[in-house]
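Input: a single structure, listed below in structure tokens.
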Amino acid sequence: MNNVFVYCEFDEGKVADVSLELLTKGRTLANTLHCKLEAIVIGTSLDGIEKQVFPFGVDVLHIADDKNLYPYLTLPHFAIVKNIFEKEKPEIALFGATSIGRDLAPRIASALKSGLTADCTELIIGEHTENKTQTTYKNLLYQIRPAFGGNIIATIVNPETRPQIATVREGVMKQEKVSASYKGEIKKIDVSKLLTDADFIVKIIERHIEKSKINIKSAGIIVAGGYGVGSKESFKLLFDLAEILGGEVGASRAAVDSGFCEHERQIGQTGITVRPKLYIACGISGQIQHRAGMAESAMIIAVNNDPLAPINEIADYVINGDINEVIPQMIRSYKKNSK
Amino acid sequence: MKNLKIIVLAKQVPDTRNVGKDAMKADGTVNRGALPAIFNPEDLNALEQALRIKEKYENVTITILTMGPGRAAEIIREAMYRGADGGYLLTDRKFAGSDTLATSYALSLAIKKIDYDIIIAGRQAIDGDTAQVGPQIAEKLSIPQITYAEEIFSVEKGEVTVKRRLERGIEVVKAKLPAMITVHSSAPECRPRHAKQYLKFKHARTTSEMQDASEDYMQLQKDRPYLFIKEISADDINVDVNWVGLSGSPTKVKKIENVVFTAKESKKLGSSVEEIDELMKELISNHTIG
């Protein structure tokens, strides 16, 4: 059996969370298939990067370290990954569904004439029989993803082509180390042999990336608001409640589109997936796309004045009321009772 | 400046924001007939970027290329009404059921036939949200790709300068032409139809659409060749049928399920001080908060 590969994104000296989540899933898949887990990190100043990667159960780490490889550019990263894949012939290849992964993975899939499934929410190994030919394929990757605006869930397989390539959004998979002392093998890539001037035909002339200050994904408590919050001013109430509870503020797409808060806080299919211990949904109707990103929360409290809101079906508590009254009352009650 | 040839890739998509029960066929492909068909939103953002280039520079031509069934000619006309110069419809039964790889293969062959300096497309289509066809076409044509474009700043001296919208910021890149650019939804909206363009192109038709047309119509197209929307078939571009359609697509749909969330037995509360007080006490005592 050939191996499972994960393309790891690298920024500010760290392997990205989404990549560590993919390594965790990749390890599980490799265990099921009885094969190795291999990782690729491409960037610059990568000394010691293995310490971040090996604990996730990585058996082989491919490193391409060169000053021209950071920040990410499509063509050089493409050339390196393609070269590795042509040599190693992975069974499965995973990329983050990020602006990097969704740029790189399709170009790789096209070059290798392989199937690619975007934005998977679950990856499992299973069997598949083609209806037409009645051929049965064992140990295929089920690539499960929402489709059609989130109204259906599709299971996609690539019976014939390898690697089976998938992208996964940040926060969808869990992050879990195998062991702090797990050791793999390092393979350094001789970049100079692989790249030509033509790979640098696109040049970055300006770059402004803000450091992420918001960490919704790891928040234990999330106070989220939707279009029903009504205004940017009312949204401040959610920040007050989140602050006092030690949580973060999230939002539905409708709230972000209305300018109530920044895009980084968007929860749902086109945003982040979260599973906090408490999710307080304020003025959120709970369209399927939003529920897909938060339905696994341990406890859900819905605050709204629409008894028919879909969010109520999955909530543990439904408070029927105006958020402008309910939230300040929650804050007062918490202050009074928590001492 | 010499001629600048822009191809805008556009797709007619089912409006997934209005999905009914008959939307999917048994084989897992989309039953397009059951849904209203619209111009893919980000392809309109792409068209707008092309129109801005045409406004800014001389000798720019915009050609729309769409792949789909006969009725997809509607969006070619729509693009013409907004300022495109002409269009091609890539259409053949052999393409039915193509996944993104098969689609990009067919489109890349058509593009080679048409000739171009820049290809501009929407980042992704709302029926699949994959964002794969743009980069895959770029690979098949061996040209660079600039994804997530928010604004094309300039096209000068054979180079294009583009602002990209990334997750936490922006990036400005410069690339030598030819290049493939995919446009993000944060780019400006497309302008509406222009009355003069509408009057000029309202009788534009494909060969198939002309089949039942009257003699007058035939004459009109003869007199005004720009009203002819050319159809491209698989044979016209020497497609290898092993690489298109359902059988030429590496990805197969194994199963389709409706999304079902487990409903919970929820406790209904009012917004009185007592009820909220009670809830907060309970959350504190079971260590959910505090």
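Within every chain, numbering begins at 1; the chains are lettered A, B, ... in the order of the sequence lines, protein sequences first and strands thereafter.
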*Sort out for me which of A/Asp316, A/Thr117, A/Thr161 touches chain B most, counting heavy-atom pairs under 4.5 Å.*
A/Asp316
*Strictly by modelled atom types, are B/Glu275 and B/Ser271 linked by a side-chain donor-acceptor pair under 3.5 Å?*
no
*Side chain, backbone, both or neither: which part of B/Ile170 has a non-hydrogen atom closer than 4.5 Å to chain A?*
both
*Would a 4.5 Å heavy-atom cut-off, applied to side chains only, mark B/Tyr105 and A/Lys113 as touching?*
no
*asked:* For a quick check under 3.5 Å, do B/Lys268 and B/Ser266 share a side-chain donor-acceptor pair by atom type?
replied: yes
*In terms of heavy-atom pairs under 4.5 Å, which option from A/Leu278, A/Val202, A/Ile108 contacts chain B the most?*
A/Val202
*For A/Ala147, is it the side chain, the backbone, both, or neither that has a heavy atom closer than 4.5 Å to a heavy atom of chain B?*
neither
_What I want to check is whether the side chains of B/Lys140 and A/Ser110 have a donor and an acceptor closer together than 3.5 Å._
yes
*Do you see a donor-acceptor pair shorter than 3.5 Å between the side chains of A/Tyr72 and A/Asp11?*
no
*Which of these, B/Ile119, B/Ile120, B/Asp117, sits in a side chain to side chain contact (heavy atoms under 4.5 Å, CB included) with B/Ile6?*
B/Ile120
_What part of A/Ser114 gets within 4.5 angstrom of chain B, counting heavy atoms only: side chain, backbone, both, or neither?_
backbone
*Please look at B/Asp99 and chain A and tell me whether the side chain, the backbone, both or neither of the residue comes under 4.5 angstrom of a heavy atom of that chain.*
neither
*Sort out for me which of A/Lys132, A/Glu130, A/Arg332 touches chain B most, counting heavy-atom pairs under 4.5 Å.*
A/Glu130
*What part of B/Glu282 gets closer than 4.5 Å to chain A, counting heavy atoms only: side chain, backbone, both or neither?*
side chain
*So, for B/Pro14 and B/Ile126, which heavy atoms are closest and what is the spacing to 0.1 Å?*
O-CD1, 3.9 Å
*Considering only heavy atoms, which portion of B/Arg165 lies under 4.5 Å from any heavy atom of chain A: side chain, backbone, both, or neither?*
neither
*Part of A/Ala198 within contact of chain B (heavy atom distance under 4.5 Å)*: neither
*Using a cut-off of under 4.5 Å on heavy-atom pairs, state which of A/Glu325, A/Met299, A/Arg291 scores highest against chain B.*
A/Arg291
_At a 4.5 Å cut-off on heavy atoms, which part of A/Thr74 comes close to chain B: side chain, backbone, both, or neither?_
side chain
_Contacting moiety of A/Gln329, where chain B heavy atoms sit under 4.5 Å_ = both
*Sort out for me which residue in B/Glu150, B/Glu151, B/Glu171 forms a side-chain hydrogen bond (donor to acceptor under 3.5 Å, both in side chains) with B/Arg164.*
B/Glu171
*Tell me, yes or no, whether the heavy-atom count around A/Glu127 atom CD, taken from other residues, nucleotides or ligands under 6.0 Å, exceeds 12.*
yes
*chain B contacts, top residue of A/Glu160, A/Lys277, A/Met330 (heavy-atom pairs, under 4.5 Å)*: A/Met330
*Heavy-atom check, side chain of B/Leu101 versus side chain of B/Gln132, under 4.5 Å*: no
_Let's test your reading of the structure: which of B/Lys163, B/Gln145, B/Arg123 forms the most heavy-atom pairs below 4.5 Å with chain A?_
B/Gln145
*Assign the ring pair A/Tyr137 / A/His128 to parallel, tilted or perpendicular, where the plane angle (0 to 90°) is split at 30° and 60°.*
parallel
*Using non-hydrogen atoms only, which part of B/Gln124 is less than 4.5 Å away from chain A: side chain, backbone, both, or neither?*
side chain
_B/Val173 and A/Lys203, any side-chain heavy atoms less than 4.5 Å apart_ = no
_Exercise: do A/Asp322 and A/Asn305 side chains pair donor with acceptor under 3.5 Å_ = no
*With a 4.5 angstrom heavy-atom cut-off, which part of A/Arg145 approaches chain B: side chain, backbone, both or neither?*
side chain
*Return the minimal non-hydrogen interatomic distance between A/Ala309 and A/Asn304, and the atom names on each side.*
CB-ND2, 4.1 Å
*At a heavy-atom separation under 4.5 Å, does B/Leu166 approach chain A through its side chain, its backbone, both, or neither?*
both
*Just by distance, do the side chain of A/Asn337 and the backbone of A/Ser333 share a donor-acceptor pair under 3.5 Å?*
yes
*Where does B/Ser104 contact chain A at under 4.5 Å (heavy atoms): side chain, backbone, both or neither?*
neither
_Which portion of A/Ile301 sits near chain B, non-hydrogen atoms under 4.5 angstrom_ = side chain
_Within 45° cone and under 6.0 Å: A/Arg107 NZ/CZ vs A/Phe78 ring_ = yes
*Side-chain contact test, heavy atoms from C-beta onward, threshold under 4.5 Å: evaluate it for B/Glu139 versus B/Gln136 and give yes or no.*
no
*Using a strict cut-off of less than 4.0 Å between a Lys/Arg side-chain nitrogen and an Asp/Glu carboxylate oxygen, indicate whether A/Asp119 and A/Arg102 qualify as a salt bridge.*
yes
_Using a 4.5 angstrom heavy-atom cutoff, name the option from B/Val172, B/Ile146, B/Thr161 with the most pairs to chain A._
B/Val172
*Checking A/Glu262 against chain B: side chain, backbone, both or neither under 4.5 Å from a heavy atom?*
neither
*asked:* Shorter than 4.5 Å, heavy atoms on both sides: which option in A/Gly115, A/Gly321, A/Ala111, A/Ala154 has the most such pairs with chain B?
replied: A/Ala111
*Please flag which part of A/Ile288 lies under 4.5 Å from any non-hydrogen atom of chain B: side chain, backbone, both or neither.*
both
*Quick one: are A/Ile153 and B/Ile256 in side-chain contact, heavy atoms under 4.5 Å?*
no
*asked:* Is it the case that the side chains of A/Ser99 and B/Glu167 hold a donor-acceptor pair, with the cut-off being a distance below 3.5 Å and no angle test?
replied: yes
*Could you tell me which portion of B/Ser249 (side chain, backbone, both or neither) has an atom closer than 4.5 angstrom to a non-hydrogen atom of chain A?*
neither
*Given that the side chain runs from C-beta out, which part of A/Ile314 has a heavy atom under 4.5 Å from chain B: side chain, backbone, both or neither?*
both
*Counting only heavy atoms closer than 4.5 Å, note whether A/Asp257 contacts chain B via side chain, backbone, both or neither.*
neither
_Which residues in residues 174-189 of chain B have any heavy atom closer than 4.5 Å to a heavy atom of chain A?_
B/Lys174, B/Ala175, B/Lys176
_Part of A/Tyr142 lying under 4.5 Å from any heavy atom of chain B_ = side chain
*Between B/Ala102 and B/Gly248, which heavy-atom pair has the shortest distance, and what is it?*
CB-O, 4.2 Å
*asked:* For chain A, which candidate among B/Thr147, B/Leu279, B/Asp277 shows the most heavy-atom pairs at distances under 4.5 Å?
replied: B/Asp277
*Can you tell which part of B/Ile137 gets under 4.5 Å to a heavy atom of chain A, answering side chain, backbone, both or neither?*
neither
